[in-house]
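For clarity, every value in this text was computed on a predicted model and none was experimentally measured. All values below come from the heavy atoms of this structure, side chains included, with hydrogens, waters and symmetry mates left out.
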Amino acid sequence: MLKIRDDIDLEELKKFGFTLNDDEWYFADLYNANIYVKPISRKVIIRSYDRHEIENIDIIYDLIQEGLIEKVE
């Protein structure tokens with residue numbers, strides 16, 4: 001699973017287009033999917049609108065390049 005590192009302030013996600021929804025999860029609205037970050041576990045979830053191929057997830061690459069994401073088991 002991918003998650004935001006524990007030592008990162010989740011407010012940093014706003015620099016990448018994430019906003020805080022009513023459930024207090026951070027999310028980014030892509031063309032055909034949403035990326036969510038659970039606030040407590042920091043787990044990254046990608047949900048497709050139509051269960052088809054998800055394109056344009058450059059934001060994930062950007063988060064990895066900035067060192068905000070780690071892979072955990």
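- Other cluster members for Val72: Met1, joined by side-chain heavy-atom distances under 4.5 Å among Ile, Leu, Val, Met, Phe, Trp and Tyr.
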Taking it one step at a time, do Leu20 and Phe27 satisfy side-chain contact (heavy atoms from CB on, under 4.5 Å)? CA-CA 6 Å; Leu20 200 57; Phe27 80 102; over 6 Å; no
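- Put simply, CG on Asp29 and CG on Asn21 are 11.5 Å apart, with the number rounded to the nearest 0.5 Å.
- For Asp22, the CG atom counts as loosely surrounded, since its 6.0 Å shell holds 12 or fewer non-hydrogen atoms of other residues, nucleotides or ligands.
- Looking only at side-chain heavy atoms (C-beta outward), Leu10 and Arg42 come within less than 4.5 Å of each other.
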Worked verdict on Leu68 versus Leu13 for side-chain contact (heavy atoms from CB on, under 4.5 Å): CA-CA 9 Å; Leu68 276 68; Leu13 296 173; 4.3 Å; yes
Test Ile59 against Phe18 for side-chain contact (heavy atoms from CB on, under 4.5 Å), laying out the working first. CA-CA 10 Å; Ile59 192 168; Phe18 283 81; 3.3 Å; yes
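- Between Val44 and Ile35, some side-chain heavy-atom pair lies under the 4.5 Å cut-off.
- For the atom pair CD (Glu66) and CG (Leu63), the distance works out to 8.5 Å, reported to the nearest 0.5 Å.
- What you find for Glu24 and Pro39 is that their closest heavy atoms are O-CG, 3.3 Å.
- By the 4.5 Å heavy-atom criterion applied to side chains, Tyr26 and Lys14 are counted as neighbours.
- If you chain together hydrophobic residues whose side chains sit under 4.5 Å apart, Phe16 and Ile46 fall into the same group.
- Between the CH2 atom in Trp25 and the CD1 atom in Ile40 there is a gap of 10.0 Å [rounded to 0.5 Å].
- To the nearest 0.5 angstrom, Arg47 atom CZ is 9.0 Å from Asn34 atom CG.
- Taking NZ from Lys38 and CG from Asp23, the interatomic distance works out to 11.5 Å, rounded to the nearest 0.5 Å.
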Does the pair Ile8 and Arg5 meet the rule for a side-chain contact (heavy atoms from CB on, under 4.5 Å), with working shown? CA-CA 6 Å; Ile8 301 294; Arg5 291 187 2 230; 3.7 Å; yes
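- Ser48 and Ala33 make their closest contact through CA-CB, 3.9 Å (heavy atoms, listed as atom of the first residue, atom of the second, distance).
- The CD atom of Glu70 sits 9.0 Å away from atom CD1 of Ile4, with the distance rounded to the nearest 0.5 Å.
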